[in-house]
Amino acid sequence: MRVIWIVIGFLICINIFAEDFRIDGIRFFCRVPAKYNGHSRILVLFGGRNWPGNKTLQSYRFDSPADKHQVFLLSPSFHDRNYWEPEKWSGKTLLKAIAAVERKYGLTPQKVYFYGYSAGGQCAALFYHWMPERVGAWAAHACGVYPDQPVKNAAPALITCGVNDAERYQISRHFVYRYREAGGELLWKPLPDTGHELSKDALDLAHAWFDAVFAGAKPVAYGEDDLRKIKPKKRIDVEYRNPLYSEKIRELWLK
């Protein structure tokens, strides 16, 4: 029995192993997918406030969808200095790190993807607004800071927030409407009986959503905010419209 647990522990270590490197004094962690090619993409995972990158990779558990779609996971260990404001310094540092991964693994520059929680959610939202032409899709959980004006005809987005995380919930809700009105396709999921924590429900939906995005999926149905009912697209006003890219997403959104 002891041997079995040692083997399991070893496999877990392999699963979460990531190489690290430094750019501008910031430590980045990069998980290489089991298989990749020159067209593999990069998903940047922003952790909670001042999280080291290895903690983010281990907490978010994106290994399975990353291996399925041959996606590199890149996580910065940003700390202090208002790093969620990319125009100050952190944006240029992230771009250097993305370029370093592309060079090392012979990747043709592709659209990159963002996901973040709390302060990391602020990064996902603000970094996307700073570099929209380079981002294929982005998602945030428990985010309390968004751009003043959404990007016109913006990239697909996912926003989740605990209903009991009252201030962030209200801020997120208002941003969702403006994002959709500006032409962005956005899935909004309030999580009942949940506060500011990064919950399993939030991660399950993020995994399913990025799985569908990486697969190039189109909506299989549409849901309406508040009522949480599935309706024909034309019967839902654009500011309340949730695109559901798979049956799994539909199930989790209705949960």
Side-chain angles (χ1 to χ4, degrees), residues 20-30 42-57 59-60 73-102 109 111-162 165-184 186 188 196-198 202 206 210:
D20 65 288
F21 59 94
R22 289 185 180 272
I23 298 286
D24 295 340
I26 300 298
R27 193 177 184 189
F28 285 81
F29 287 82
C30 179
I42 297 173
L43 170 59
V44 180
L45 300 176
F46 299 102
R49 187 180 180 92
N50 292 338
W51 281 17
N54 55 341
K55 175 181 177 179
T56 303
L57 292 180
S59 299
Y60 289 8
L73 302 178
L74 178 65
S75 186
S77 302
F78 286 147
H79 55 86
D80 304 326
R81 293 195 289 159
N82 291 345
Y83 60 81
W84 47 86
E85 299 175 359
E87 66 278 2
K88 298 291 182 65
W89 63 273
S90 53
K92 293 179 180 178
T93 298
L94 179 65
L95 289 176
K96 290 178 184 178
I98 290 171
V101 173
E102 290 171 342
K111 296 278 189 179
V112 295
Y113 299 79
F114 293 155
Y115 178 66
Y117 157 61
S118 190
Q122 295 173 194
C123 286
L126 298 178
F127 275 62
Y128 166 65
H129 190 261
W130 182 70
M131 51 182 286
E133 72 287 345
R134 282 294 315 269
V135 182
W138 66 277
H141 175 65
C143 178
V145 177
Y146 295 94
D148 293 332
Q149 294 296 326
V151 174
K152 189 72 174 177
N153 297 319
L158 163 70
I159 294 179
T160 58
C161 191
D165 194 3
E167 184 176 2
R168 292 179 182 85
Y169 173 78
Q170 290 299 331
I171 292 171
S172 296
R173 183 186 176 101
H174 287 119
F175 177 78
V176 163
Y177 297 152
R178 291 188 288 115
Y179 196 86
R180 290 167 172 165
E181 288 171 344
L186 186 148
W188 161 238
H196 186 62
E197 68 272 13
L198 179 60
F210 275 104

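Residues take their numbers from the sequence shown, with the count starting at 1.
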Test item: F46 and L94 side chains (from C-beta on) under 4.5 Å apart, heavy atoms: yes
Side chain proximity check, P147 to Y128, heavy atoms < 4.5 angstrom: no
Under 3.5 Å: donor-acceptor pair, side chain of K111, backbone of E133: yes
Non-hydrogen side-chain atoms of F21 and V101 separated by less than 4.5 Å: yes
Q149 atom CD, over 12 foreign heavy atoms within 6.0 Å: no
Validation row: W138, I159 side chains within 4.5 angstrom (heavy atoms): yes
Main-chain N/O of Y117 paired to Y60 side chain as donor or acceptor, under 3.5 Å: yes
Qualifying residue, where the test is ring pair (Phe, Tyr, Trp, His ring centres under 6.0 Å) with W89 and the options are W130, W84, F78: F78
K92 vs D24 side-chain heavy atoms within contact, under 4.5 Å: no
H196 ring center near Y169 ring center (under 6.0 Å): no
Side-chain heavy atoms of Y179 within contact of Y146, under 4.5 Å: no
Test item: H141 side-chain N/O and E197 main-chain N/O as donor-acceptor pair under 3.5 Å: yes
Heavy-atom side-chain proximity of S75 to W51 below 4.5 angstrom: no
